[in-house]
Amino acid sequence: MFKDMTLGQYYPIDSPIHRLDARSKFVGTVIYIVSVFMVNNYIGYLIAIAALLTFIAISRVPIKFMVKGMKSIVVLMIFAGLFNLFLVQGEVVWSWWILSITKEGIDTAIKMVLRLALLIMGSSIMTLTTTPTSLTDGLESLFKPLNVIKIPVHEIAMMMTIALRFIPILTEEMDKIMKAQMARGVDFEAKGLIKKAKSMIPLLVPLFISAFRRANDLAMAMEARCYRGGKGRTKMKPLKYHWNDAVAFLIMCGYLALCIIFGRGVLE
Amino acid sequence: MSLILDHVSYSYDVGTSYKQEALKDINIVIPDGQFVGLIGHTGSGKSTLIQLLNGLLKPTSGNIYYNGQDINDSDYDRKTLRSKVGLVFQYPEHQLFEENVFKDVCFGPKNLGLDEKEVNLRAYDALEKVKLSHDYFYQSPFDLSGGQKRRVAIAGILAMKPEVFILDEPTAGLDPKGSEEILTLIKNLQKDTGMTVILVSHNMEDVASYVDRILVMNKGELKMDGSPKDVFKKTEELSNMGLRAPEVTYIVRELRKKGFPVDDSAITVSEAKETILNALYHKILNE
């Protein structure tokens with residue numbers, strides 16, 4: 001049931017992208033997202049798709065994994081596509097009853113769906129090639145300047161690390177609780193919204209109790225090892241910026257330039 | 001009327017690179033009313049095996065028959081199966097959720113669609129059977145001690161009136177007194193109701209003194225199947241699988257080696273005591 005979740009799952013192999021510093025991957029992803037929002041003609045989208053496919057190939061993560069991660073937003077994509085298809089005003093090409101499809105509608109719908117798909121796949125390259133810990137490390141170091149305005153960057157990063165670390169643990173726990181309750185005759189495949197919601201109670205109560213218990217234990221274990229926040233804390237694996245990160249950054253800048261030069265323009 | 005496993009294999013994550021064979025070609029026949037002990041090292045496939053028995057997992061290949069019917073047939077009623085083959089998981093925390101103990105025990109029978117009166121009767125009966133004091137009936141299950149939680153969890157399954165009762169490490173984390181109480185209770189239940197009991201355990205002492213038959217699993221294979229005395233004779237094979245016979249068997253064997261005429265097939269403390277006292281008695285008589 002929860003095994004289809006790819007978003008935020010690390011795919012453990014070795015590739016040039018896996019070896020990059022988490023910070024460069026984060027900045028790279030931001031550049032990619034900006035580029036996807038910036039381009040507005042089909043040449044731009046072609047460039048973005050080509051770039052995405054290249055990145056996936058370099059990352060050596062099977063494309064199957066990326067597509068699997070899309071399952072969760074398929075509904076959103078369909079909605080966005082349909083709404084744009086039918087609601088955008090313009091030159092009518094087909095109409096029936098109160099529904100009408102316009103040329104502009106088709107255009108925006110295609111672009112919208114493409115944009116969503118590219119965003120999700122683009123950002124999942126980062127999460128698939130970076131361990132959650134190095135990702136939060138990277139974020140912590142990128143957002144360190146915010147300390148000046150009294151934002152507890154380290155604490156937020158630590159919370160994120162713990163939250164991410166606990167996803168698989170709680171998933172496994174959920175699986176066990178589900179089985180224990182199924183052994184007591186709960187039917188999780190029951191039809192109907194109320195029935196379904198009701199069958200969640202025997203699942204969620206033990207899960208919450210165990211989550212609180214684990215949180216308590218973890219807090220105790222951290223205190224026993226003298227954890228006292230980020231001040232003066234060193235890292236076991238400090239982040240290092242290498243020449244390959246610089247190359248990656250330059251490539252991303254080049255890509256962004258391409259998008260700006262060719263990807264922007266009025267509808268042809 | 002029995003539980004039959006016919007060439008059962010099970011693999012996790014079939015079709016991915018993480019594929020793992022958890023069970024390989026398991027063949028077991030468990031007749032009604034038997035008290036079976038299932039032992040094996042961590043990761044030997046014990047937990048997978050018991051989950052196959054009540055249909056929580058489906059075998060990758062092979063068939064499981066309960067009372068002559070294939071439990072994985074598409075028209076087999078899996079809900080009834082789960083009430084007939086009751087499974088108590090290791091951690092009671094995974095199943096307790098209601099506001100009080102009595103309601104929690106009612107949960108199982110209620111899911112079977114019984115009327116309220118019957119549900120309450122069964123819950124009361126089950127709680128009586130596990131000998132939980134009435135003072136706890138209307139307390140939150142989360143305020144109970146480990147041993148009491150275990151009892152409530154067992155009662156929760158008992159209230160469904162299973163014919164085959166499977167317990168995964170029911171004594172884990174309990175003190176010796178608590179674990180003996182639980183096991184005696186299970187043994188008595190088995191004697192009184194005539195149900196089949198499958199006990200998964202790490203503790204050889206427990207297994208030796210309560211079960212009729214032992215199944216030994218190692219790396220997904222069924223390695224031994226026999227009476228406790230037969231299985232615990234093969235200490236070398238057991239130790240190759242990271243298991244040990246009960247401590248007391250090593251003692252009687254050493255005594256025998258030293259020329260003391262004890263019966264070295266003793267596997268429980270009381271048996272050992274008897275044969276040692278017997279030997280001493282004869283020795284004194286002869287002198």
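Reminder, nothing fancy here: chain letters follow the sequence lines and each chain counts from 1.
- Contact detail for Met182(A) and Leu56(B): the closest heavy-atom pair is CB-CD2, 3.6 Å.
- Between the side chain of Glu93(B) and the backbone N or O of Ser210(A) there is no donor-acceptor pair closer than 3.5 Å.
- Annotation: side chain of Lys179(A) is not in contact with side chain of His94(B) (no heavy-atom distance under 4.5 Å).
- The number of heavy atoms from other shown groups lying within 6.0 Å of CZ (Phe79(A)) does not exceed 12.
- Only the backbone of Leu96(B) comes within contact range of chain A, with heavy atoms under 4.5 Å apart.
- Here the side chains of Phe142(B) and Val205(A) are in contact, with some heavy-atom distance below 4.5 Å.
- Within 6.0 Å of CE in Met77(A) there are more than 12 heavy atoms belonging to other residues, nucleotides or ligands.
- A donor-acceptor contact shorter than 3.5 Å is absent between the side chain of Arg82(B) and the backbone of Arg184(A).
- What you find for Leu87(B) and Ala183(A) is that their closest heavy atoms are O-CB, 3.8 Å.
- Phe97(B) CZ to Ile201(A) CD1: the interatomic distance, rounded to the nearest 0.5 Å, is 7.5 Å.
- Interface remark: Leu81(B) contributes no atoms to any contact with chain A (heavy atom separation under 4.5 Å).
- Of the two parts of Gln90(B), neither the backbone nor the side chain holds a non-hydrogen atom closer than 4.5 Å to a non-hydrogen atom of chain A.
- Residues Phe107(B) and Pro202(A) approach most closely at CZ-CG, 3.5 Å, considering heavy atoms.
- The 12-atom threshold is not exceeded at CZ of Phe249(A), counting heavy atoms of other residues, nucleotides or ligands nearer than 6.0 Å.
- Annotation for Tyr227(A): atom OH counts as buried by contact number, over 12 foreign heavy atoms lying within 6.0 Å.
- Heavy atoms from other residues, nucleotides or ligands lying under 6.0 Å from NZ of Lys219(B) number 12 at most.
- Remark: Tyr91(B) OH is loosely packed, at most 12 non-hydrogen atoms of other residues, nucleotides or ligands lying under 6.0 Å away.
- With a 6.0 Å radius and a threshold of 12 heavy atoms from other residues, nucleotides or ligands, Glu172(A) has its CD atom at or below the threshold.
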